[in-house]
**Student:** 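One structure follows; several queries about it will come next.
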Amino acid sequence: MVQIVPSILAADFARLGEQIACVERAGAQMIHVDIMDGHFVPNLTMGPPVTESLRKVTKLKLDHHLMIDDPDTYAPVFIKVGADLVSVHYEACRNLDRTLHMIRDEGAKAGVVINPHTPVAVLSEVLGIVDYVLVMSVNPGFGGQEFIPRSLHKVRQLEQERSQRDLQFAIEIDGGITTDNIAEAARAGVNWVVVGSSIFHRPDPAEAFRDLQRRAEEALTVKV
Ligand code: DX5
Ligand code: ZN
């Protein structure tokens, strides 16, 4: 089963509640919230007040992707105001094991993210304590970038390790997903597919969501 996770980075920020309700009606179960601090990545997005407002208008799980230098300070802040899942970058954490445990102790699901240049092998010691692994399929910081095909090789490696070691973490992919590559991502073993522009920059985001969902499901049923 593959879940499409709409990223509100590509939504119209003046109509966030409305846009979330639209993908919720189309079947979304989770919303991806990109937090950028202008240091870890060269862009700025939202802070805790936005999460607090979102929490009031939706029951969907709020998946927070922290692209920030100091996740130890801010993860608990986002969890307090409504984040259900929080992922931190391997590249931003000096004490990753401690940070992941802290996120779980604060009451959220804990994820670890790897940038395109980071190999899967560095996660070996934390795969047993994460709820999900997010593979970046673009360099983080901006929506609408081109998909990096090599990232699927990392998804396959993670899938293999998960079954070999009988682990339970979900595999998420983020960046450049379109109707052209979603089938391949699903076949590689991804469970959650983050999609920004290919949903919210379409004339009908609900239909775009359903189309992606359909293509992902078909990819898993049709033999190739
Ligand atoms: C990029 C963000 C992504 C972004 C994906 O740094 O982490 O979540 O919203 O957007 P698209 O689907 O447009 O590549
Ligand atoms: Zn993201």
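Note that ligands are numbered from 1 as they come in the structure, with each ligand's atoms numbered from 1 the same way.
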**Student:** Check for me whether Met67 has a heavy atom closer than 4.0 Å to any atom of ligand 1.
**Tutor:** yes
**Student:** Would you mind listing every side-chain hydrogen bond (donor to acceptor under 3.5 Å, both in side chains) that reaches into residues 8-27, with sequence neighbours excluded?
**Tutor:** Asp12-Arg15, Arg15-Glu18, Glu24-Thr58
**Student:** Which ligand 1 atoms are under 4.0 Å away from a heavy-atom of Pro140?
**Tutor:** 6 (O)
**Student:** Give the numbers and elements of all ligand 1 atoms closer than 4.0 Å to a heavy atom of Gly175.
**Tutor:** 14 (O)
**Student:** Could you grab the angle centred on the Zn ion (ligand 2), going from NE2 in His32 to OD2 in Asp174, to 10°?
**Tutor:**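 The two atoms subtend 100° at the Zn ion (ligand 2).
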**Student:** Is a side-chain N or O of Asp204 found less than 3.5 angstrom from the main chain of Glu207, in a donor-acceptor match?
**Tutor:** yes
**Student:** Using modelled atom types only, decide if a donor and an acceptor are shared between the side chain of Lys154 and the backbone of Met136 within a distance under 3.5 Å.
**Tutor:**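 No, the answer is negative, given that no donor and acceptor are paired below the 3.5 Å cut-off.
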**Student:** Using heavy atoms and a 4.0 Å limit, tell me yes or no: is Ser198 in contact with ligand 1?
**Tutor:**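 For ligand 1, residue contact (heavy atoms, under 4.0 Å) with Ser198 is absent.
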**Student:** Does the pair Arg215/Glu184 count as a salt bridge with the N-to-O cut at 4.0 Å?
**Tutor:**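 Glu184 and Arg215: not salt-bridged.
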**Student:** Check each atom of ligand 1 against the heavy atoms of His32 and keep those under 4.0 Å away; list them by number with element.
**Tutor:**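 Near His32, the atoms of ligand 1 are 8 (O).
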**Student:** Side chain, backbone, both or neither: which part of Ser197 has a heavy atom under 4.0 Å from ligand 1?
**Tutor:**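 It is both parts that get close, each with some atom under 4.0 Å.
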**Student:** Look at Glu159 together with Arg156 and state whether they make a salt bridge at an N to O cut-off of under 4.0 Å.
**Tutor:** no
**Student:** Using distance alone, decide if ligand 1 has a nitrogen or oxygen within less than 3.5 Å of any nitrogen or oxygen in His65.
**Tutor:** yes
**Student:** Would Val195 count as a polar contact of ligand 1, with the cut-off being nitrogen or oxygen pairs under 3.5 Å?
**Tutor:**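 Checking ligand 1 against Val195, no N or O pair falls under 3.5 Å apart.
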**Student:** Any side-chain to backbone donor/acceptor pair from Asp131 onto Phe169? Under 3.5 Å, distance only.
**Tutor:** no
**Student:** I need the nearest protein heavy-atom contact for atom 1 (C) of ligand 1: residue, atom name and distance, please.
**Tutor:**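 It is Phe142 O, 3.4 Å.
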**Student:** With respect to Gly176, determine whether any N or O atom, backbone or side chain, lies less than 3.5 Å from an N or O atom of ligand 1.
**Tutor:** yes
**Student:** When you measure from atom 4 (C) of ligand 1 to every protein heavy atom, which one gives the shortest distance, and what is it?
**Tutor:**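 Among all protein heavy atoms, the one nearest atom 4 (C) of ligand 1 is Asp34 OD2, 3.7 Å.
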**Student:** Are any of the side-chain nitrogens in Arg55 or Glu52 under 4.0 Å away from the carboxylate oxygens of its partner?
**Tutor:**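 A salt bridge is absent here (no side-chain N lies under 4.0 Å from a carboxylate O).
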**Student:** Would the distance check show the side chain of Ser7 and the main-chain N or O of Val195 forming a donor-acceptor pair, the cut-off being under 3.5 Å?
**Tutor:**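 It does not hold such a pair.
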**Student:** To check your reading of the model: name the closest protein heavy atom to atom 6 (O) of ligand 1, its residue, and the distance in Å.
**Tutor:**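 Result for atom 6 (O) of ligand 1: Gly141 N, 2.8 Å.
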**Student:** Among all protein heavy atoms, pick the one closest to atom 10 (O) of ligand 1 and tell me residue, atom and distance.
**Tutor:** Gly143 CA, 3.6 Å
**Student:** Do ligand 1 and Gly144 have nitrogen or oxygen atoms that lie under 3.5 Å from each other?
**Tutor:** yes
**Student:** Can you name the ring pair (Phe, Tyr, Trp, His ring centres under 6.0 Å) partners of Phe40, sequence neighbours left out?
**Tutor:**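 Here the qualifying residues are His89.
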**Student:** Examine Val41 and Val112 and state if one hydrophobic cluster contains both, with Ile, Leu, Val, Met, Phe, Trp and Tyr joined whenever side-chain heavy atoms are less than 4.5 Å apart.
**Tutor:**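 Each belongs to a different hydrophobic cluster.
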**Student:** Starting from the Zn ion (ligand 2), look over the N/O/S atoms of His65 and name the nearest one.
**Tutor:**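 Per the distance ranking, His65 contributes ND1 as its closest N/O/S atom to the Zn ion (ligand 2).
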**Student:** Starting from atom 5 (C) of ligand 1, which protein heavy atom do you reach first, and at what distance in Å?
**Tutor:** Asp174 OD1, 3.5 Å
**Student:** I'd like to know if the side chain of Asp70 reaches the main chain of Thr73, judged simply by a donor and an acceptor atom lying under 3.5 Å from each other, with no hydrogens or angles considered.
**Tutor:**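 Checked: pair present.
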**Student:** Any nitrogen or oxygen of Ile177 lying under 3.5 Å from a nitrogen or oxygen in ligand 1? Just yes or no.
**Tutor:**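 No.
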**Student:** Can you confirm whether Leu9 sits close enough to Met36 that some side-chain heavy atom of one is under 4.5 Å from a side-chain heavy atom of the other?
**Tutor:** yes
**Student:** Tell me which one of Pro6, Gly196, Ser7 gets a heavy atom nearest to atom 9 (O) of ligand 1.
**Tutor:**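 That would be Ser7.
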**Student:** Return the name of the atom in Asp34, of element N, O or S, nearest to the Zn ion (ligand 2).
**Tutor:**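 The Asp34 atom nearest to the Zn ion (ligand 2), restricting to N, O or S, is OD1.
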